[in-house]
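Lettering of chains follows the sequences in order, A, B, ..., and the numbering in each one begins at 1. Side chains are part of it too, since the values below use all heavy atoms of this structure and drop only hydrogens, waters and symmetry mates.
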Number of protein chains: 2
Amino acid sequence: MSSDPTLFTSTEKAGDQTRMALILAGIRLFGAKGYEATSTREIASAANANIASIAYHFGGKEGLRLACAQMVGRRIHGVVGPVLASIDPGDDPAKAQAAFELVIMGVADFLLGQAEARDIASFMVREMGVPGTVFDTVYAEFILPVHRKLCLLLGLATGQDPESDLIRLGAFSIAGQVIYFRIGHAVVARRMEWEIAGPAEIARIKTIVLGNIRAFVATNRKSLP
Amino acid sequence: MSSDPTLFTSTEKAGDQTRMALILAGIRLFGAKGYEATSTREIASAANANIASIAYHFGGKEGLRLACAQMVGRRIHGVVGPVLASIDPGDDPAKAQAAFELVIMGVADFLLGQAEARDIASFMVREMGVPGTVFDTVYAEFILPVHRKLCLLLGLATGQDPESDLIRLGAFSIAGQVIYFRIGHAVVARRMEWEIAGPAEIARIKTIVLGNIRAFVATNRKSLP
DNA sequence: GTCTATAAACAGATAGAC
DNA sequence: GTCTATCTGTTTATAGAC
């Protein structure tokens, strides 16, 4: 479907407007309440559209779900793709580590940030627990390329084989921290006695994760000079 | 299953049997598919009980949800409570660190293990994203006491203030890794090319987390002798 | 306590006018 | 493309026999 030079700007027919509104409302509501807990009536209402328009544009509720996933995949790919591509650490361990830290901090900003990305993050994380078409889409378009790059950088930084268990699981353990702080935010906030999750709180979390990255690299470096 | 002196043995009337079966089926299905995605018919069928019995015993679907949460809270408290109470590191940093590692490895075994605990873990993690009565129950009976103890041990091991940001968030970052490996298991398994999640895979994950714990302690130790 | 039968509300999907 | 009205199935909850 689509064309899509950047996203949907060039081919803005009349219907694409409500189509887009439905997808955005879908991402928001599916992310906030879950797929099953969200009714098509809610979505249509939130998008200021008619109930029947979901069937017209996407064939049904499940079609909307898939369209949301593809939208999320495209959006993320557009944001994170260029960043990953621009990284070229050569074979300098220090540069590789700096790049690794940069990517993780970027993911943290994306996942923990306040903006519209919050809906996308919620939707994505939720779908990761339900194997299916959406899972495959997000895995292929976001998880796999990002994780591969992370392994490459972490392998360079430590001098370890990028595809070893240590590096692959190590990268997951670091990225997992960020994801946990996203999912378990309510728990963390209650324990930390945070009223809201503002930039100051996000910064504190990032400091901890950054420390853990450096501790990992320092501890797992292969050749100690 | 069942028996369990500290749970429901003393007042084992006739109806308590189906009541228990409904709760167990509820935990399993709510955990696997989510609350909204699970119908009362499914639960009753899985528990070999009648649909009307849910309303009779719990007042309705929401009542069953709460009963499941209380059951989970009681169960976890019964398992983890004695362990936490038995720990007395005195003021020996090395002993405190060993105890911390022991607790986290225990949590990992619990969350990642194959057994019935898997249902409990799924149910618990799922409810953590939905603030409400269930959230409060699990937080008060499991998260808070365990996290407090973890902070105490980690504070002792590093020589830092147990209620400092560093220690509280650090404890979350370590426990969060384990929780992530539970939630994101499908992603990790696909990337690692694991067919199933057997004891060998759990052991590999535990090795990584253990390394991260030691790296954290080594890096954040206050008084370097 | 357990069951059948049914009520009342709600879900997603669709037909057809415009 | 968008709308209203409606169909069909399923949901939770309940009434009442046993």
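Using a 4.0 Å heavy-atom distance criterion, S39(A) is classed as a sugar-phosphate-only contact.
Closest-nucleotide positions on DNA chain D for R41(A) and S53(A) were compared, and the one nearer the 5' end corresponds to S53(A).
Listed nucleotides dA15(D), dG12(C), dA15(C) differ in distance to A52(B); the shortest reach to its side chain belongs to dA15(D). Distances were taken from every side-chain heavy atom of H57(A) (C-beta onward) to each of dT2(C), dT2(D), dG12(C); the shortest belongs to dT2(D). When each of dT4(D), dG12(C), dA15(D) is scored by its nearest atom to the side-chain atoms of T40(A), the top-ranked nucleotide is dG12(C). Of the candidates dA13(D), dT4(C), dT14(D), dT14(D) carries the atom nearest the A55(B) side chain, counting heavy atoms from C-beta on. In this structure, the nucleotide among dT2(C), dT14(C), dG1(D) sitting nearest to the side chain of T18(B) is dT2(C).
In this structure, the CZ atom of F58(A) is 15 Å from the P atom of dG12(C), given to the nearest Å. As a whole-Å value, the separation of Y56(B) OH from dT2(C) C1' is 9 Å. Atom CD1 of I54(A) is separated from atom P of dT2(D) by 12 Å (rounded to the nearest Å). Atom pair I51(B):CD1 and dT2(C):P shows a separation of 13 Å (rounding to whole Å applied). When rounded to the nearest whole Å, the span between CZ of R19(B) and P of dG1(C) equals 10 Å. Rounded to an integer number of Å, the gap from K61(B) NZ to dC10(C) P is 15 Å. Atom pair I43(A):CD1 and dC10(C):C1' shows a separation of 15 Å (rounding to whole Å applied). In this structure, the CD atom of E62(A) is 9 Å from the P atom of dA13(C), given to the nearest Å.
A salt bridge does not link E36(B) to K33(A): none of the charged nitrogens lies less than 4.0 Å from a carboxylate oxygen. Contact check on R191(A) versus E163(B) returns a salt bridge, with a Lys/Arg side-chain nitrogen under 4.0 Å from an Asp/Glu carboxylate oxygen.
Taking 4.0 angstrom as the limit, N50(A) places a side-chain polar atom (N or O) nearer than this to OP1 or OP2 of dT4(D).
Classification of the F110(A)-F142(A) ring pair by plane angle, with boundaries at 30° and 60°, yields perpendicular. Note: F172(A) and F181(B) have perpendicular aromatic rings, judged against thresholds of 30 and 60 degrees for the angle between ring planes.
Counting only heavy atoms from C-beta outward, the side chains of W194(A) and V188(A) approach each other to under 4.5 Å.
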